[in-house]
Amino acid sequence: MTFPIKKNLQANHTQEITDANAQLKALLNAAVDAIIIIDHLGCIELFNAAAQKMFGYPSSEVVGNNIRMLMPEPYRREHDKYLSNYMETKNAKIIGTGREVKACKKNGEIFPIELSVGEVLESSHKQFVGIIRDISEQVKARSDAIANRERLAHVTRLSTMGEMAAGIAHEINQPLSAISSYAQACKNMLERSSNVPDTIAQQQKLSITLEKISSQARRAGEVIRRLRGFVKKRTAEREYVDLNVLIKDSIELAKVDTRLLDHGISLSLTASPAPLLLIDEIQIQQVLFNLIRNAIDAMEDQPTDQVNISSKWIDAQYIEVSVTDTGYGVSKENLVHLFHPFFTTKETGMGMGLPICQSIIQSHGGELRHRAGIDKGSVFSFTLPAKSIVKNKLG
Amino acid sequence: MKRNATPPVLKQVVHIIDDDEAVLDSLSMLLDSVGIKNAIYSNAQTFLDTHQGESIRALAGCIVLDVRMPGMSGMECQQQLEQLKCSLPVIFITGHGDVPMAVEAMKKGAIEFIQKPFREQELLDCIQHALELNKAEHERASRLLDIDKRRKSLTKREKEVMQRVIAGQANKVIACDLNLSQRTIEIHRSNVMDKMQVNSLAELVTLALIK
Amino acid sequence: MPSKNAINSNQPVVYIVDHHKSVLLALSALLAPLNVSIKCFTSAELFLNHKMNNEAACLILEAHLQEKRESGIELLETLVRQGFHIPTIVLASSSDIPTAVRAMRASAIDFIEKPYIEHLLVQKVAEILHQSAPTQMN
Ligand SMILES: Nc1ncnc2c1ncn2[C@@H]1O[C@H](COP(=O)(O)OP(=O)(O)O)[C@@H](O)[C@H]1O
Ligand SMILES: [Mg+2]
């Protein structure tokens, strides 16, 4: 590595400068971030240890070469233009601000970096310092979170559809059933009424028509049943999941609702034994998501009250997770309808949150319950069975 | 059993319990149209209140019960009926049911679990079946009652003799055992046959075996 | 047909009938800790031809064998018709209410939709074996 050193210095100054140079060199090589210095044409003058590790080039292969070699297209093509533009106009697009761009390793791999550039002032010639951080991990985490959220949305849509179908099924099947039975009753009455010869043909026709009415009513019922069955077919994908990790992930997801940032969440999770459960991760996330949202809704007027989430083993077989709020709670009249499809007290509510949660938890062999909070508010708790623990011998 | 008085005609009624007025009305009409007596209740509690106490056990017929109703659900009603020792067969009909619910209902002794809308003939067949089951059950119960009555009409001595006859002992042996004349045993024996309303030893043995 | 009057062996037996070998393997592994003897069959015929002893036993049966709808339940109905009662849990890879009702009417002890919840199934089997043990003794 060479540093610009003014030649006309006295000997003792030379020693000081040599020391300073050595210190700087050590400092640069100890830096976690990759640091690169280039001249006004983009020619690399310095490439620190972190940079060598990040890009896979030894210093000797890059120093003296153009910085473009570390850039993939389209940055590569644009770079000369940036530099000359800056030299002419002093209008920096990047200097002084960090930004996300792509870089290219020796092996051709392209990876996301955060780059901040500074101009070296008071040096003998124009120099720029680039500080580079590999942000592959963050970018991946971010896109995972997006994918997760999309998956969640998809499942929510699917299971909402299933629950809606269930809710609608009941509402529609009642009148269908009545139509069908009325028609059948009329048909029976017709068949039993007096057999006056010239009306028999007419009677038969009526009777056939009534049979048609009732068969169409049953057909509509069948359509609804199939819709429900179809949605239910998404057989749960169960894997062993650490419930505590899942809870934390769900909270991250729930932060989509920014009100949560104001409230904050307090956690008290059990860790021993580690809650490894065989569950459908996305579905349980969805349950937590719904419960957290309801809790925040209930604390509309207390924007700084926390939501509490706790988990505890209730015996060797079952773990219980509770979401507690200090909101408006559930009135006695509403208690009976709480888990019914389409029951909501909110203007824009759909009333499908709790029924969905309940059916998810039940399909996992657990139970979802509500109880009033200690002073105010509500506690929604669900249980989940752990891995099977079997007595070694019978009775 | 020849001298058996013909039992009174069983007055069977199909009790329909459903919260939906149209379902209730149409079902009642359907049953009327094929001449099946029925009564309707818009909720389970009304049914239980109407037939409070002993009378619920004396009911004949069957129950057609909706699963999902506000207040007492069909399942809860089934449980109550069991506690009250009501033996009416239960047929569930539901507009909203799933497999676990059906399994649970069947475990508790329901004879059918039908989804709305259903084929009417299917329901009618099922009701017919339920009524037959109920009739058989009533006959069994009244026969037991009747036999019990006959047993109770025997004197102590007659009971003693009957036990031995059933056990296959000859009159001579019984007479000796009980220290009575053979002639007396013969009289007791014929009284037993009379009071128990049977014609042969075989019939007597069969009756004695009914519990 | 399974005969009833054979020697008593102490170890309870769980019979599993399912045409999917993977299911048989999974269930066997799941039930292994119960200390039972596990006998697997891939068809109704194979099961019917098997001679049963008089041990405490339990049958786990898939509702639809060889992709034939309700063929497992038919097997159960056959057993009942022949007067042979073995406590049976029906597992169903696809299910609807009529299928469940038919199985229960054929005197199944339980009807469980797949995917089943493992420890509940194990518990159920353990209970059944526990209950059937003393009655089978005499
Ligand atoms: N944490 C809670 N505190 C008070 N009430 C609640 C809470 N969670 C749910 N509820 C009540 O239950 C109703 C149904 O909830 P839900 O099924 O999630 O539907 P939605 O949120 O769309 O209304 C809500 O409208 C509300 O009245
Ligand atoms: Mg909600």
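Chain letters run A, B, ... following the sequence lines, proteins first and then strands; every chain starts at 1.
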Answer yes or no: are there more than 12 heavy-atom neighbours, outside [X] itself, under 6.0 Å from its atom [atom1]?
X	atom1	answer
B:Lys107	NZ	yes
B:Glu21	CD	no
A:Lys212	NZ	no
A:Lys312	NZ	no

* Residue among B:Asp32, B:Leu31, B:Leu30 with most heavy-atom pairs under 4.5 Å to chain A ->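 Most heavy-atom pairs under 4.5 Å with chain A: B:Leu30.
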* To do: Give the member of B:Leu27, B:Ile93, B:Leu24, B:Asp25 that has the highest number of heavy-atom pairs under 4.5 Å with chain A.
  =>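 Of B:Leu27, B:Ile93, B:Leu24, B:Asp25, B:Asp25 has the most heavy-atom pairs under 4.5 Å with chain A.
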Any chance you could measure [X], atom [atom1], to [Y], atom [atom2], to the nearest 0.5 Å?
X	Y	atom1	atom2	result
B:Asp18	A:Ser177	CG	OG	8.0 Å
A:Gln184	B:Ser26	CD	OG	11.0 Å
B:Gln121	A:Asn188	CD	CG	8.0 Å
B:Glu120	A:Glu211	CD	CD	8.0 Å
A:Ser181	B:Phe118	OG	CZ	4.0 Å
B:Arg68	A:His340	CZ	NE2	6.5 Å

Table please: side-chain donor-acceptor pairs of residues 329-337 of chain A below 3.5 Å, with sequence neighbours left out.
{"from": "A:Ser331", "atom 1": "OG", "to": "A:Asn334", "atom 2": "N", "distance (Å)": "3.3"}
{"from": "A:Ser331", "atom 1": "OG", "to": "A:Asn334", "atom 2": "ND2", "distance (Å)": "3.3"}

* Side chain, backbone, both or neither of A:Ser215 within contact of chain B (heavy atoms, under 4.5 Å) ->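 Nothing of A:Ser215, per the 4.5 Å heavy-atom cut-off to chain B.
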* Work out which heavy atom in B:Pro117 is nearest to a heavy atom in A:Ala217; give both atom names and the distance. =>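 Taking every non-hydrogen atom into account, CG-O, 3.6 Å.
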* To do: Grab the two heavy atoms, one from A:Gln174 and one from B:Asp66, that are nearest each other, plus how far apart they are.
  =>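 That closest heavy-atom pairing would be NE2-OD2, 4.0 Å.
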* Selection residues 160-169 of chain B - residue pairs positive for salt bridge (charged side-chain N to carboxylate O under 4.0 Å, His left out), sequence neighbours left out ->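 As it turns out, the salt bridge (charged side-chain N to carboxylate O under 4.0 Å, His left out) pairs with a partner in residues 160-169 of chain B, which skip direct neighbours, are B:Arg157-B:Glu160, B:Arg164-B:Asp177.
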